[in-house]
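This report refers to the structure that appears directly beneath it.
As a basis for the values below, the full set of heavy atoms in this structure was taken, side chains included, without hydrogen atoms, waters or symmetry mates.
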Amino acid sequence: MFTKILIANRGEIACRVIATARKMGIKTVAVYSDADKEARHVKLADEAVRIGAAPSRESYLLADKIIEACKQTGAQAVHPGYGFLSENEAFAKRCEDEGIAFIGPKAHSIAAMGDKIASKKLANEARVNTIPGYNDAISGPEQAVEIAKDIGYPVMIKASAGGGGKGLRVAFNDKEAFEGFASCQNEARNSFGDDRIFIEKFVQEPRHIEIQILGDSHGNVIYLNERECSIQRRHQKVIEEAPSPFISDATRKAMGEQAVALAKAVKYQSAGTVEFVVGKDQDFYFLEMNTRLQVEHPVTECITGLDLVEQMIRVAAGEKLSITQADVKRDGWAIECRINAEDPFRNFLPSTGRLVRFQPPEETMFQADTGRKLGVRVDTGVYEGGEIPMYYDSMIAKLIVHGTDRNDAIAKMRAALNGFVIRGISSNIPFQAALLAHPKFVTGQFNTGFIAENYGKGFHAEDVPHDDPLFLVALAAYMNRRYRARASRISGQLAGHEVRVGEAFTVVVLGAEGQNQHHEVSVTDFEDKSGASAVSVGGKSYQITSTAGLGQIRVQGSCNGQGFTAQVERGTGKNPLALRIAHNGTQIDALVLSPLGARLHQLMPYKAPPDLSKFLLSPMPGLLVDVAVQPGQKVQAGEKLAVIEAMKMENILFATQDGVVGKITAGKGESLAVDQVILEFQ
């Protein structure tokens, strides 16, 4: 067994590999760019080596630097994680040539299966059903349009070396095929150093189901059941689960055996994933093979009880698989939510900056004294006070739950999301909460078009209706009374002017454009129960109990005998006196006032926000890579104005109305802050 391994990656996957290596008694070496010198994976590893500047093409994609770091530290093996060099055939071969074990498949397997074009040809030779398409690299956008016409729209334009939603577009007409080819090629070149593009038919209403396989150097290959990955936004997975709520045992077995046969054909060693598109009648087609560890591997670990990173290390060290196909378990149900640094209420634009607060829910899944058990797991590469840089992907953490069945897992995930505190940047937690509560998700009736169909016009606060909105009002009144009770106990108050707690309040829920809602509320404490109150609002009664300390964001307690987790803060909204209450993805800002104070508040004039329609503002932090217009130029609605790059994705800003460009205030190559002015209109 190895005594020291180097992790050629960053973020949560680097931390994940370090955790298993530590468990196995193996020392670890981290590598880092200038943007990551204070990163969590650097702090966790036994050693760390700087490999270059912040952009990945100047650091994490430099094979020479990785090899040099191995020699410098004496690392005997490299774990590539996912992304970056994980599916780079030349890097795997270079490691083999240098006598460094590559903790992944052999270079010949990556060449055969990691390349999407080559893998489709191999699958055809093996008589595996594949989706119709053009499986050779395409020379330019003109050829892309001709091929797309021959296949028939819609088509999917994909980077051969792509992954993680990068270098991928769906085109429904010639214009989208032409522009999509250019965008895919640019993203592929920047993210993977390989700009080959191919096109295939886009199968509508598909489900994306993948089979986890594991092979060793002794010819053994097994499959570890399936993962359901159909909940995707712009081809980026959002929620994954295992098993799938859709396929039958017979389909599972057929898909698994086909995945194993495909892996054996290329003498596959290590963990890998065979992805399938599955139709409504459970007919399935080979899509591609990922010759690496997947982001969503934890859900497979939950239901099988296996540590996939440990299995990869053992296989790379020459060991045989310790289990056979008959030993593979399917225990309970696991769900993973990807927690990303993006603002769902601003069309999911990237959100970078400092994590002012980062308090994940308590991990309960793995405990040394009791072993594996159902519960909550958090895989992350960040920490409170750390930075989310703009150079890499948007993932903050992976939140994983393991339940007895699917309903139990959904309930556990909703509670865990309620307790996940992230401040300083925006996250997609409200969107995840909405997905988990959607009736079609709960019943398992969805496909890869689910998000586009249900949130095609963006995501808005009203997309997360609370099943009991008065509970949020009651909780605001309850917490406010606790604040006042504490204030009433402060010594030295002026006689006759002491803080009085009171029982009658008016909760003013602040709405857009001054459209507020007023709720008359009474709060009465139970004398025999510390932290317990009876709250009456809108004809409903709530008995709320909590021991949460005042000032804590995460509040846990019970309401009418049922446990809850919510988040409560003062002064984070537009009104510094308001309480912000968040629960099950719904958020309100509420002023809790005396009845007289509420009447006076109604007399306050509404101040309208300034008109910003004459400005093009940067909707996110990022790099301004192009300004497509000049001062004095007439533009029409829908015309391209600028391009911003953030987290390895190009974001095009279009004109929302006709106008004439006035002054351009930001230059190409400039790093932009959110809401920074790029140009003004006359």
Side-chain angles (χ1 to χ4, degrees), residues 10-15 33-43 54-56 164-165 233-234 236 238 295 337-361 378-399 416-435 458-461 464 552-554 566-574 580-582 585-587 589 617-624 644-651 671-676:
R10 63 175 301 280
E12 69 85 17
I13 188 57
C15 297
S33 70
D34 289 342
D36 279 339
K37 61 183 178 181
E38 299 295 330
R40 183 170 181 259
H41 75 281
V42 175
K43 297 176 183 294
S56 55
R233 185 187 160 274
R234 295 183 180 173
Q236 181 82 34
V238 178
V295 175
C337 284
R338 299 191 186 191
I339 310 301
N340 296 330
E342 58 193 17
D343 189 342
F345 299 112
R346 300 182 69 168
N347 200 28
F348 297 89
L349 292 174
S351 179
T352 59
R354 186 171 299 280
L355 280 164
V356 178
R357 290 281 184 274
F358 182 73
Q359 300 168 11
V378 181
D379 286 11
T380 186
V382 303
Y383 57 90
E384 188 167 289
E387 288 275 347
I388 301 293
M390 69 177 183
Y391 303 99
Y392 314 114
D393 65 51
S394 62
M395 187 180 294
I396 301 172
K398 299 185 313 198
L399 180 60
L417 287 170
N418 282 335
F420 207 136
V421 177
I422 297 174
R423 299 293 184 270
I425 61 171
S426 298
S427 80
N428 64 336
I429 286 177
F431 183 58
Q432 295 279 16
L435 295 176
F459 180 69
H460 311 282
V464 202
Q552 285 183 320
I553 296 176
R554 183 163 52 221
Q567 295 185 27
V568 179
E569 285 179 282
R570 186 186 295 277
T572 58
K574 294 180 180 179
R580 174 162 288 177
I581 311 293
T586 302
Q587 176 179 287
D589 288 339
L617 305 180
S618 175
M620 76 201 88
L623 184 70
L624 183 61
I644 299 175
E645 183 181 283
M647 293 182 169
K648 300 193 291 186
M649 296 288 281
E650 284 191 351
N651 300 273
S671 292
L672 302 176
V674 66
D675 289 334
Q676 181 174 335

* Look only at the side chain of Ser351 and the backbone of Ile425, and say whether a donor-acceptor pair between them is shorter than 3.5 Å. => no
* Between Tyr392 and Ser33, what is the shortest heavy-atom contact and its length? -> OH-OG, 2.5 Å
* Determine the minimum heavy-atom distance between Ala39 and Tyr383, stating which atoms define it. => C-CE2, 4.1 Å
* Keeping the roles fixed (side chain from Arg554, backbone from Asn418), state whether a donor-acceptor pair exists under 3.5 Å. => no
* Asked: In Å, rounded to the nearest 0.5 Å, how long is the span from CZ of Phe345 to CD of Gln587?
  -> 7.0 Å
* Structure fact -> CG (Leu672) and CD1 (Ile644) are apart, to the nearest 0.5 Å, by 5.0 Å
* Which heavy atom of Ile388 sits nearest a heavy atom of Val382, and at what distance? -> CD1-CG1, 3.7 Å
* To do: Please confirm whether the backbone N or O of Glu569 pairs with a side-chain atom of Arg580, one donor and one acceptor, at under 3.5 Å?
  => no
* Asked: Does Arg40 use its side chain to pair, donor to acceptor, with the backbone of Thr380 at less than 3.5 Å?
  -> yes
* Counting only N and O atoms by type, is there a donor-acceptor contact under 3.5 Å from the side chain of Arg357 to the main-chain atoms of Ile553? -> no
* Does Gly385 offer a backbone N or O that forms a donor-acceptor pair with the side chain of Arg354 under 3.5 Å? -> yes
* To do: State, with a plain yes or no, whether a side-chain heavy atom of Arg233 is found less than 4.5 Å away from one of Asn428.
  => no
* Could you pull out the closest heavy-atom pair between Ala35 and Pro389, with the gap in Å? => CB-CB, 4.3 Å
* Asked: Are any side-chain N or O atoms of Glu384 and backbone N or O atoms of Phe358, one a donor and one an acceptor, separated by less than 3.5 Å?
  -> yes
* Spacing of His41 atom NE2 and Ile13 atom CD1 [to the nearest 0.5 Å] -> 12.0 Å
* Asked: Any side-chain heavy atom of Pro621 sitting closer than 4.5 Å to one from Met390?
  -> no
* Look at atom NZ of Lys37 and say whether more than 12 heavy atoms of other residues, nucleotides or ligands are closer to it than 6.0 Å. => no
* Name the orientation class of the two ring planes belonging to Phe459 and Phe348 (parallel below 30°, tilted from 30 to 60°, perpendicular beyond 60°). => tilted
* Mind checking the CZ-CD spacing from Phe431 to Glu342? Nearest 0.5 Å is all I need. => 8.5 Å
* Structure fact -> Distance col, row Gln567:CD vs Leu417:CG, nearest 0.5 angstrom, shows 10.0 Å
* Structure fact -> Minimal heavy-atom distance between Ser427 and Ile339, with the atoms involved, is CB-CG2, 4.4 Å
* **Least distance between heavy atoms, Gln432 atom then Cys337 atom** => OE1-SG, 3.4 Å
* **Interatomic spacing from CD in Glu38 to NZ in Lys43 - rounded to 0.5 Å** => 4.5 Å
